[in-house]
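Following: one structure in structure tokens, then a few remarks.
Sequence lines set the chain letters: A, B, ... in the order given, protein chains first and strands last, and positions in each chain run from 1. Everything quoted here is computed from the prediction, not taken from an experiment.
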Amino acid sequence: MGNVMIDINSLDVTFRRGRDVVRAVSDVSFSVTEGECFGIVGESGSGKSTVLRAICGLAPATAGNISVNERQLSRPRDAAFYRSVQMVFQDPYASLHPRHTIDGVLSEPLAIHRFDRAEERIENALRDVGLGSDFRFRYPHQLSGGQRQRVAIARALILEPKVLLLDEPTSALDASIQAEVLNLLDRIRSERGLTYVMVSHDLAVVAHMCDRLIVMQHGRAVEELTREGLLSQSARTDYSRQLLAASKGYSASSPQQV
Amino acid sequence: MNALLTVKDLRIAFPSRNGPVEVVRGVNFTLGRERLGIVGESGSGKSQTGRAILGLTPSPGLATAKQLEFDGIDLRQASPATWRSLRGARMSMVMQDPKFSLNPVMTIGRQILEALKFHGRESRAASKARAMAMLEAVHIRDPERVFRAYPHELSGGMGQRAMIAMMLVSEPDLLIADEPTSALDVTVQIEVLRILDNLVSERGMGLIFISHDLRLVSSFCDRVLVMYAGKVVEELRASDLAKAQHPYTQGLMNCLPKIEGGARPLPVLQRDAAWAT
């Protein structure tokens, strides 16, 4: 295994508004080695997306340390950070600008980071995600959900990052399209040696993609598991076992109380 | 078992610039007092099928059928008055997202009482008692609070349960549930399914469960219709889903990632143009 790519140490994210205090994430620690796919599983409100947003500076880390590639992160994040860490969001219907063509979506990050050979890079990025160059001048509404998510992945990849943060990348897609997008992500990771942090509520998706994962509940990491540990049913906490049972489908007999 | 609902050759067409487009093309099924699942991808026509049974095909769409019969009543010729006496009272529908399908400016309690006021002839106190009992039946822990609450004051799971309570308080014979649990967390999802399951077995209600989640449907329903491009490509007992014959059903099953591990890359569904004809 390579060196540590992402190291998070007792991260806290607290939102305050007036007298209301919401501790979205409290005391979460994990580290991800280079080339690994790391999963975060939990239900809505468990703080799993907030962890990702804290890494890329979209949510304020109120305590704890985050370092990427053995560098403490500056606030605000500098351009070099965004060149090496990119995010893919959940809803491809909301994350692409409806009035920008795919070409516009892909050329904006290139212009911001002053990349050369924009023409060539856009063509390559589209080809890498399995879309032909005839998609280049279309608008998002002319694309299906799966195609949009491919564009969102192309947008993240075009800066040649080292880390991809994936926030529920397939939960808005049909099962058959989900398989295609997961295969695409898997292939790109092995070709380029990327590091992924993947957030999902679907245990099966995370188990398929990731070697290690943490289970989050109420802002805390309740358990860290390996894929083998998940298979051999060695989940220790009740909550992980409940998630595991629930993801197998409905059964009339199994006890269920949250 | 006599049929509660008979659907023969249901077709739904929407006009377009290039002539009418059929989104549902000849769907046949009968429903007894059982749990029937309808599975398919987005755009397969499963939701439109559910809406057409309640006469809720959005205009300018047009639903036609050779036979559409609910408990001996021909729904094709139903007058508005007939529809009013059926909808809500004898057949009702649970929608996908409680955020959009509950009235945001009415308390949950008033919305439930409204359903009862139209269809029952009870006193106010009796209606309220019935509403509270129903909220308890869907495992809402503090029914008194929920009764007074507005939809935005409830979580997604609570809202969906309140919605189910509203639809069931008039004790319908047929419930159409269109992705009732897709917006919910997995553990809450199982609880909501348990409520529906009990209602089917205790009251003998007929349930049509529309979902894109093949695994969930196969573990919950008795019988499954698999829809593709507006047609039912396969009908089978839920327990036999592993023995599915149609390549589309098999493909849908295989492309799901499994916790036990499986093929990498995942098998991808190869679509065959012949399935749609």
Side-chain angles (χ1 to χ4, degrees), chain A residues 41-46 130 144-146 170-187 190 200-210 213 217 225 227-228 230-233 235 238-239 241-258, chain B residues 35 37 39-44 139 141 155-157 181-198 200-201 209 211-221 228 238 241 248 251-271:
Chain A
V41 189
E43 306 203 316
S44 46
S46 63
S144 69
T170 58
S171 59
L173 307 175
D174 274 323
S176 56
I177 312 298
Q178 165 173 287
E180 291 173 17
V181 171
L182 290 180
N183 286 345
L184 167 73
L185 288 169
D186 226 8
R187 175 173 63 81
S190 59
S200 179
H201 66 277
D202 189 336
L203 204 52
V205 168
V206 167
H208 174 78
M209 293 289 288
C210 304
L213 58 109
Q217 187 189 22
L225 283 163
R227 183 189 286 137
E228 288 70 33
L230 203 59
L231 290 187
S232 56
Q233 315 277 325
D238 286 345
Y239 183 66
R241 277 200 288 267
Q242 254 173 37
L243 274 186
L244 205 59
S247 64
K248 289 214 165 74
Y250 178 78
S251 71
S253 55
S254 73
Q256 192 78 46
Q257 202 47 251
V258 188
Chain B
R35 294 163 296 186
V39 198
E41 291 176 282
S42 42
S44 59
H139 300 264
R141 275 178 211 118
S155 69
T181 59
S182 305
L184 305 179
D185 285 325
V186 274
T187 46
V188 183
Q189 185 174 13
I190 301 278
E191 265 184 67
V192 170
L193 290 181
R194 181 151 297 124
I195 296 162
L196 291 177
D197 193 14
N198 288 340
V200 172
S201 48
F209 187 88
S211 174
H212 67 281
D213 190 335
L214 199 53
R215 200 176 307 176
L216 190 69
V217 168
S218 66
S219 61
F220 178 66
C221 294
Y228 181 77
L241 205 66
Y248 176 66
L252 269 190
M253 283 297 275
N254 292 335
C255 70
L256 291 172
K258 295 174 192 70
I259 291 183
E260 304 81 47
R264 280 182 90 143
L266 288 166
V268 173
L269 185 66
Q270 302 294 337
R271 283 157 215 275

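The side-chain contact (heavy atoms from CB on, under 4.5 Å) search around A:T170 returns A:L173, A:Q178, A:V181, A:L182, A:V205, not counting sequence neighbours.
At a 4.5 Å heavy-atom cutoff, A:R187 makes no contact with chain B through either its backbone or its side chain. Heavy atoms closer than 4.5 Å to chain A are found in both the backbone and the side chain of B:L193. Looking at A:A207, the atoms closer than 4.5 Å to chain B (heavy atoms on both sides) all sit in the side chain, from C-beta outward.
The shortest heavy-atom contact between B:C255 and A:S176 is SG-CA, 3.6 Å.
For the atom pair A:I177 CD1 and B:S42 OG, the distance stands at 7.5 Å (nearest 0.5 Å). With values rounded to the nearest 0.5 angstrom, B:L266 atom CG is found 9.0 Å from A:M209 atom CE.
Among B:S218, B:P257, B:G251, the residue with the largest count of heavy-atom pairs under 4.5 Å with chain A is B:P257.
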